Amino acid sequence: MPHDHHDHPHSLLPPEPALRVKALETILTRKGLIDPAALDEIIETYETKIGPQNGARVVARAWADPAFRAALLTDATAAVSEMGFYGRQAEHVVAVENTPVQHNMVVCTLCSCYPWPLLGIPPAWYKSDAYRARAVREPRRVLAEFGVGLPPETAVRVWDSTAEVRYLVIPMRPEGSEGMSEKELAGLVTRDSMIGTGLARVPS
């Protein structure tokens with residue numbers, strides 16, 4: 001079809017959602033409702049300072065420091081704040097620890113409540129209707145679809161994140177990670193392992 005040609009003038013324009021965002025930003029800036037510099041700073045913060053690397057640092061410290069682990073399980077909000085992770089979407093954080101007898105998994109059945117300062121922006125599947133419904137009804141099957149197979153004797157507990165409480169899963173420390181530094185340990189922690197839909201990486 002003619003519109004499929006790559007040299008069509010419209011192919012040089014940004015995608016439609018990008019055009020809409022730019023148009024909205026222009027209108028709000030002209031009305032004095034937003035400051036483009038402040039907007040750029042917010043975007044830069046979410047791109048470089050907020051994300052699962054923060055949660056990975058928390059988990060690595062919990063693995064390496066028994067005193068911090070105890071503090072994290074007692075009052076996660078205070079413990080992560082001490083590391084500089086706090087603010088919107090992390091006003092009340094609860095840490096739950098995976099063990100050989102219990103595997104924890106987090107879902108938000110109402111919307112997509114998520115500890116942004118620790119894990120960044122929630123992935124699309126976390127917000128999907130399918131995950132939100134099935135994680136509660138058939139957690140083992142959902143975990144299997146993520147590649148997580150658990151022994152029959154390991155119970156699965158599903159935690160429902162809300163606007164008041166958000167959860168951070170502390171995955172089990174993998175075998176072979178003895179003697180690793182906290183920085184090296186953090187490299188073994190995945191975003192999904194902190195939601196409970198994954199496991200920590202095994203050292204190569």
Side-chain angles (χ1 to χ4, degrees), residues 25 34-99 102-108 110-127 146 157-174 176-204:
E25 181 183 343
I34 63 169
D35 177 359
L39 199 59
D40 289 343
E41 185 176 342
I42 292 170
I43 293 170
E44 193 271 337
T45 295
Y46 276 93
E47 286 181 341
T48 63
K49 299 176 184 176
I50 292 177
Q53 71 273 10
N54 295 345
R57 284 179 54 199
V58 172
V59 171
R61 185 173 174 189
W63 284 346
D65 182 347
F68 176 77
R69 172 183 164 275
L72 183 65
L73 294 173
T74 300
D75 186 348
T77 307
V80 300
S81 294
E82 175 196 316
M83 294 183 66
F85 308 134
Y86 51 82
R88 187 168 177 263
Q89 304 289 332
E91 296 87 351
H92 187 187
V93 179
V94 171
V96 291
E97 183 179 39
N98 285 350
T99 69
Q102 179 170 298
H103 181 91
N104 299 285
M105 179 179 175
V106 181
V107 66
C108 177
L110 292 179
C111 50
S112 58
C113 296
Y114 194 77
W116 289 10
L118 295 171
L119 300 184
I121 304 298
W125 57 260
Y126 183 84
K127 299 180 282 187
F146 276 95
R157 180 162 184 183
V158 179
W159 300 85
D160 193 358
S161 188
T162 67
E164 287 75 35
V165 182
R166 290 169 176 81
Y167 297 93
L168 175 70
V169 174
I170 309 302
M172 288 196 294
R173 182 171 176 167
S177 62
E178 299 79 8
M180 295 178 70
S181 68
E182 283 190 27
K183 184 176 181 179
E184 291 170 327
L185 289 172
L188 303 178
V189 184
T190 66
R191 178 200 63 197
D192 288 6
S193 72
M194 294 181 284
I195 301 172
T197 53
L199 303 175
R201 298 185 183 98
V202 177
S204 56

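Here the structure is a predicted model, which is why all the values come from computation and not from measurement. Side-chain atoms are counted along with the backbone in the values below, which use heavy atoms only and exclude waters and symmetry mates.
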Closest non-hydrogen atom pair, D160 against Y167: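 D160 and Y167 have their closest heavy atoms at O-CE1, 3.6 Å.
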Which residues pass the salt bridge (charged side-chain N to carboxylate O under 4.0 Å, His left out) test with R61, not counting sequence neighbours?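 E82.
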Pairwise side-chain contact, W63 with P171, heavy-atom cut-off 4.5 Å (strictly under):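 Of all side-chain heavy-atom pairs linking P171 with W63, at least one is under 4.5 Å.
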Side chains of L168 and L119: closer than 4.5 Å at any heavy-atom pair?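 Yes, at least one pair of side-chain atoms sits under 4.5 Å.
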Keeping S193 on the side-chain end and V189 on the backbone end, is there a donor-acceptor pair under 3.5 Å?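 No, S193 side chain to V189 backbone: no donor-acceptor pair under 3.5 Å.
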According to the salt bridge (Lys or Arg N to Asp or Glu O under 4.0 Å) rule, which pairs have a member within residues 68-81, sequence neighbours left out?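 As it turns out, the salt bridge (Lys or Arg N to Asp or Glu O under 4.0 Å) pairs with a partner in residues 68-81, which skip direct neighbours, are R69-E97.
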Just verifying a value: how many Å separate H103 NE2 and M172 CE, rounded to the nearest 0.5 Å?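 Going from NE2 on H103 over to CE on M172, the span is 8.5 Å.
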Partners of [X] by side chain to side chain donor-acceptor pair (under 3.5 Å), sequence neighbours excluded?
X    : value
S161 : none
E184 : S181
N104 : N98, Q102, W159
T77  : none

Without placing hydrogens or testing angles, list every side-chain donor-acceptor pair under 3.5 Å for residues 194-204, not counting sequence neighbours.
from: R201; atom 1: NH1; to: G187; atom 2: O; distance (Å): 2.8

In chain order, what residues pass the side chain to side chain contact (heavy atoms under 4.5 Å, CB included) check against A71, with sequence neighbours excluded?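 Applying side chain to side chain contact (heavy atoms under 4.5 Å, CB included) to A71 gives none.
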Could you list the residues that satisfy side chain to side chain contact (heavy atoms under 4.5 Å, CB included) with A76, not counting sequence neighbours?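 By the side chain to side chain contact (heavy atoms under 4.5 Å, CB included) rule, A76 matches L72, V93, A95.
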Pair M83, N54 - check side chain to side chain contact (heavy atoms under 4.5 Å, CB included), show working. CA-CA 9 Å; M83 294 183 66; N54 295 345; over 6 Å; no
For Y126, give me all partners under ring-ring contact (aromatic ring centres under 6.0 Å, His included), at least two apart in sequence or on another chain.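 Y114, Y131.
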I'd like to check the ring-ring contact (aromatic ring centres under 6.0 Å, His included) partners of F146; sequence neighbours left out, ordered by chain and number.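 Only W125 meet the ring-ring contact (aromatic ring centres under 6.0 Å, His included) criterion with F146.
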In this structure, are over 12 heavy atoms from other groups packed under 6.0 Å from R57 atom CZ?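 Incorrect, the count does not exceed 12.
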